[in-house]
Amino acid sequence: MVPRSPLRPCGEGDFSFMGDEIFMADKYISQDIEPKWQKLWAESGLYTTRQDPERPKFYFLTMLPYPSGDLHIGHWYAMTPSDAAARYRRMKGYNVFFPIGFDAFGLPAEGAAIKHGIHPYTWTMTNIERMRGQLRSMGAMWAWDHEAITCDPRYYAWTQWFFLKLYEHGLAYRKFAPVDFCPSCNTTLAREQVWGADRHCERCDTPVIKKELEQWFFKITDYADELLRFDDLDWPERIRTMQTNWIGRSEGAEVVFPIDTGDSVSGIGYSVPGIGAQPKSPESSNTQYPIPNTQHPIPNTQYPISNTAAITVFTTRPDTLWGATFMVLAPEHPLVEQLTTEQNRAAVDAYKLQADRQTEIERTAADKEKTGVFIGAYAINPVNGQRIPIWIADYVMVTYGTGAIMAVPAHDERDFAFALKFGLPIIPVIERPDDLARSAVWDGSVAGDFGAASTAAGFTWEWLAIPDRGRFYAVTLHGDDQVTAYVELLQAHLKAGHWADVVGRGWQVVFHDGPLALDSAAADAAIMARCHAGYDYVRQFATTMGMWWAVEWYRDVLYHAEYGTMIHSDAFSGMPGDVAKAQVTRWLAEQGVGKFAISYRLRDWLISRQRYWGAPIPMIYCPACGTVPAPYEDLPVLLPEDAEIPATGENALKFHAGFLNVKCPQCGGDAQRETDTMDTFMCSSWYHYAYVTPYWKAGQKLSPDETPWEPEAGNYWLPVDQYTGGPEHATMHLLYTRFFTKALRDMGVVSFGEPMLRLFNQGIILGPDGNRMSKSKGNVVAPDEWVERYGADTMRAYLMFIGPWDAGGPWNSQGIEGVRRFLERVWNVVVEVRGQESGVGSQGAEVEAQTRALRHMTHKTLRKVTEDIEAFKFNTLLAASMEFDNYLVKAKETAVYGTPAWDEALDMLLLMLAPETPHIAEELWQRRHGRGQFDPATSIHVQPWPVWDPELAKAETVTLVVQINGKVRDKIEATADISEAEARELALASPIIQRWLEGKTVRKVIFAGGKLLNFVVG
RNA sequence: GCCGAAGUGGCGGAAUGGCAGACGCGCCAGGUUCAGGACCUGGUGAGGGUUAACCUCGUGUGGGUUCAACUCCCACCUUCGGCACCA
């Protein structure tokens, strides 16, 4: 993989830490200086954490690694720019806390136990030891003195303490529920850990299955609204959006649909006379939109309902209630059993079984044909008394809303498809916002020259045809007036026994003896009765919409989901779309048939895992007392070290008598421990608190009233000022840890509500093949060989240089040589003594100009580098540093060499590079300023970040761009503060510009920012 | 299907209304070298041109705004990420 190094000279000796001998060869040998400085920094206590109330603190945190055994290139990509930014903050005068630890619980350790017979603890600790070494090779300023490992009993004692606190505060509960289960990992998963359309396990890609289990949940949904607020957070828009979508807040209404027993109402879905099918009253569609009075018929008091059962639905569109022509329950809905009639039971049971057997994948396949069965029961639409059939269908999810919907096929795409397939009535109740209507008039159904008459009346039409059915006048209309005029014209031409439709605005079927509006299920039935009588062909259609659907030209006007003026909705007809939803909701509440409601997509966090290698849930089940929490003073509930990990992949704790059997803390009787352990996201929800004082109160008895860290240290360091990590945790770790902190705030443990104030998401480094790196794909890039060959500084700088940090992308080693060469040049420009022959002969004025130019370059670069590191733009930071270095290489041959300006330039170059390439910067800094023995006070990493001089950073001269009509024609050197008049004069003096202006009239001259002049000529 | 991000030389990328391609890789030529590597110098978007000056075109596609558009607006295409029958 790594080519043999031509850079590494052979036979370089050991270095010594003694006296003046800390500086070795005059060549840049990263393999020598990097371990040397890592050792000297560690030994001298340069990175020892100190609480210093005199200095402003800065808690800089990067997501903790899982100890898989090997650091990969992704860790370097995520961590070394973080380190650079942390180092920069430190040079800016902050007391920076940059801790590290390990997310050490989790399934791979058990896999190793089964495969290699190693105990998970041993495997984990061995990996951690190896990874510590790899992490050290980064040369990062880790606060190793605050390391925390989540599988340490001193750590998970507190994880369990948090569980008990959440339980006490009613935020942890146990529930029997169908949950996602990974058959490969042998454990349940939280919803967030199930990915993709095929619903696979986030860790091992195995499709999950459903299992009914008794499981522990955290009530994250209690904080749903608060989690949607990001007011105090400087977080990327992308993450905020992902969390917002994940929480999925929808506002709407809950509406109660009483069940109808059918005694006094006959027929399917047809209205009670006088209700629903009433003609539009002119008064109600006028400018006034009063809330309909309470005299409006309320069906559950007006209609005989012998059964008090009712179905509650959640809808985001209460304004479409009048168009609800059927209901759909999820097959798992508890009322299905009770409501299904005897005649329908066999079909319903078969459907339920079939839905149950289907995998989640099949059931949620996006383009799946709608299926469902009628259960034989009816409900009453509470707003108009319509009797509507109840179906079950798997497109309704039992987990969302109330598990039941009112189906409004005219304004919901799924309901539309379902109604069309099963011949259920589709009644539009929201006007088309575009006022568009279409009418197909079959050739031969009208007398006289209908086309000419239409044209004369101002209607646009064309001939369209359907094979086997002939051609038709395709008339397009806009607005009520056109529709009214058109209906009149149409009726005058229609032959007896024929009809034509108006679809879209003004829905109706016009018969030769008059129109019938499609404004109710009764009207739908009446229309179809006439049509069925008219043509055999039409008998295949059960509903008017079904008949219209057969004309393809109609299809895009038949259904819409937009808000708009309500129609066919009794007294609400005419209610404008922008207020309809709120008004109907208010009215429903007044009538006592509904209420404003919010529904969330977010589910409670399932934390039970049927695994050995996790923090045991500190709960005890007593036959006498029930569920009893383990007493605080007994924490930690230890994982038994002698547990045998079964080869079946089952939880070892279930088979460990010593762990399982316990005395009930309440009654002292025989009881059993909970054997499930906690989701590892529980451990990582509070690790940033653990770092403050790792393993606080280790070995002491815990109580509910303490703080899990030393309070004074917590007050000083918390919360996290800057967090960096991958965006893949948006809806998992980042949501959980916010919930956790809010819960802690409400318990009085912390005084703030957000754990991390600023967040930056770096991109993900993919394998060279463009795929996510994974052992199974064999595309994992190990950093160690590259570090050995080029050095940590080169590796750090290269990863920062390849592109914007938040972009990520496939690993590509092409270009790493360039970064190494850059560091070589930095080394040489500082270390190599210039020969005497260069730079001689410069005159005084020339030297002065060169000095000014050098200082300008120095301060300009410093400004750019400072701005870039603040914004994590490491790629352009390094490009600017390279330019600066290239400049210095040339300047070295001039008279500025050895002047104070030259020394300033070299020092600034090193200070600018200190965060990114800490070793070479320190080596060269010490060579320039060190005192032989390393004194941490002289370290470049504790030097103040330099300040640029704005006067020097400002350019003295600019290249004045001269354009003719926006095209660059000439460039002229000019002073930076050139006035417009001077610039014009200069430009007009240019022969090129003169040539371009010859014979043309200058209409306008634009002078921009003192650097561009544009002549607009005509 | 919905939401979001992105599309620029052979490659990674820079420029967020004002010189398109900074910086780096690669490539070409030259220097150095016994030679190769390394290193140093110069060149390197496409087309035209007396291979000179210079001109034309060029940032996914098509329109638009502007003196001026990679940048802003509209429509579309492609890729990636997230969600996905969420009522």
Side-chain angles (χ1 to χ4, degrees), chain A residues 6-7 195-197 236-246 248-250 252 313-317 320 328 330 363-368 370 393-397 399-408 411-415 417-418 561 599-602 727-728 730-731 763-764 766 770 797-798 801-804 806-810 812-819 821-822 824-825 828 873 875-886 889 958-971 992 995 1003-1018:
Chain A
L7 294 170
W195 285 11
E237 181 73 41
R238 174 144 134 266
I239 299 294
R240 301 204 310 256
T241 308
M242 279 168 78
Q243 292 201 345
T244 303
N245 292 342
W246 188 261
R249 184 183 201 272
S250 302
V313 302
F314 173 75
T315 176
T316 54
R317 295 296 303 272
T320 65
V328 186
R363 188 167 159 172
T364 56
D367 49 359
K368 189 183 159 240
K370 295 272 178 297
D394 61 9
Y395 80 90
V396 175
M397 305 290 131
T399 48
Y400 183 79
T402 61
I405 62 159
M406 63 173 202
V408 183
H411 305 291
D412 180 282
E413 201 179 359
R414 295 148 299 169
D415 297 345
F418 192 86
S599 195
Y600 300 92
R601 219 183 65 99
L602 182 72
E728 68 273 20
T731 57
I764 299 167
L766 305 170
Y798 179 59
F801 182 64
I802 49 175
D806 52 0
N812 180 353
S813 62
Q814 163 188 132
I816 192 168
E817 297 270 2
V819 173
R821 283 201 280 263
F822 159 60
E824 302 263 3
R825 283 198 302 275
N828 291 337
K873 287 162 74 175
N875 56 332
T876 49
L877 180 161
L878 282 162
S881 306
M882 287 173 180
E883 264 180 284
F884 183 38
D885 183 55
N886 291 343
V889 168
V958 290
T959 306
L960 181 72
V961 175
V962 187
Q963 298 182 333
I964 309 291
N965 284 345
K967 292 200 173 177
V968 180
R969 295 305 177 190
D970 201 7
K971 296 170 189 179
I992 301 169
R995 213 181 67 228
R1003 302 201 185 281
K1004 201 169 164 187
V1005 181
I1006 311 262
F1007 183 64
K1011 54 187 172 176
L1012 180 137
L1013 198 66
N1014 186 14
F1015 290 94
V1016 185
V1017 301

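What you see is a predicted model, and the numbers here were worked out from it, not measured in a lab. Below, each value reflects all heavy atoms present in this structure, side chains not excepted, and no hydrogens, waters or symmetry copies. Order of the sequence lines fixes the chain letters, A, B, ..., with proteins taken first and strands second; residue numbering starts at 1 for each chain.
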Counting heavy atoms from C-beta on, name the nucleotide in [options] closest to the side chain of [X].
{"X": "A/T876", "options": "B/A87, B/C85, B/A15", "result": "B/A15"}
{"X": "A/D412", "options": "B/C83, B/A87, B/C25", "result": "B/A87"}
{"X": "A/M242", "options": "B/C25, B/A87, B/G82", "result": "B/G82"}
{"X": "A/P804", "options": "B/C86, B/G13, B/A87", "result": "B/G13"}
{"X": "A/R601", "options": "B/G24, B/C83, B/C67", "result": "B/C83"}

Lys/Arg N to Asp/Glu carboxylate O, A/E237 vs A/R240, below 4.0 Å: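 Judged by the 4.0 Å cut-off on N to carboxylate O distance, A/E237 and A/R240 do form a salt bridge.
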Comparing A/N965 and A/I816 on RNA chain B - which has the more 5′ nearest nucleotide: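 Closest to the 5' end, via its nearest nucleotide, is A/I816.
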Whichever of A/N245 and A/N875 has its nearest RNA chain B nucleotide further upstream toward 5':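 Upstream on the strand: A/N245.
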Sugar-phosphate only, base, or nothing, as touched by [X] at under 4.0 Å among non-hydrogen atoms:
{"X": "A/R821", "answer": "sugar-phosphate"}
{"X": "A/P727", "answer": "nothing"}
{"X": "A/R414", "answer": "base"}
{"X": "A/R969", "answer": "sugar-phosphate"}

Rounded distance (nearest 0.5 Å) linking atom CG of A/N875 with atom NZ of A/K873: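 It is 8.0 Å, given to the nearest 0.5 Å.
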Short side-chain to backbone donor-acceptor contact, A/R317 and A/A561, under 3.5 Å: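 The answer is yes, because a donor-acceptor pair under 3.5 Å joins these two groups.
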A/V1016 to A/I1006 - nearest heavy-atom pair and separation: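 The answer is CG2-CG1, 4.5 Å.
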A/A330 to A/M397 - nearest heavy-atom pair and separation: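 In terms of heavy atoms, the two residues are closest at CB-C, 3.9 Å.
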Worked verdict on A/R601 versus A/N245 for side chain to side chain contact (heavy atoms under 4.5 Å, CB included): CA-CA 8 Å; A/R601 219 183 65 99; A/N245 292 342; over 6 Å; no
Aromatic ring pairing A/F418/A/Y395, orientation class (parallel under 30°, perpendicular over 60°, tilted between):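 It falls in the tilted class, 30° to 60°.
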Where the chi angle of B/G9 falls, syn if within 90° of 0 and anti if not: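 Glycosidic conformation of B/G9: syn.
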Sequence-aligned protein contact record of nucleotides 16-21 of chain B, with B where the base is within under 4.0 Å of a protein heavy atom and S where only the sugar-phosphate is: --BBS-
Runs of at least three consecutive pairs that involve RNA chain B, where pairs are Watson-Crick or G-U with distances under 3.5 Å: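 Listed by first number, the stems are B:1-7 with B:77-83, B:10-12 with B:23-25, B:26-31 with B:39-44, B:45-48 with B:54-57, B:60-64 with B:72-76.
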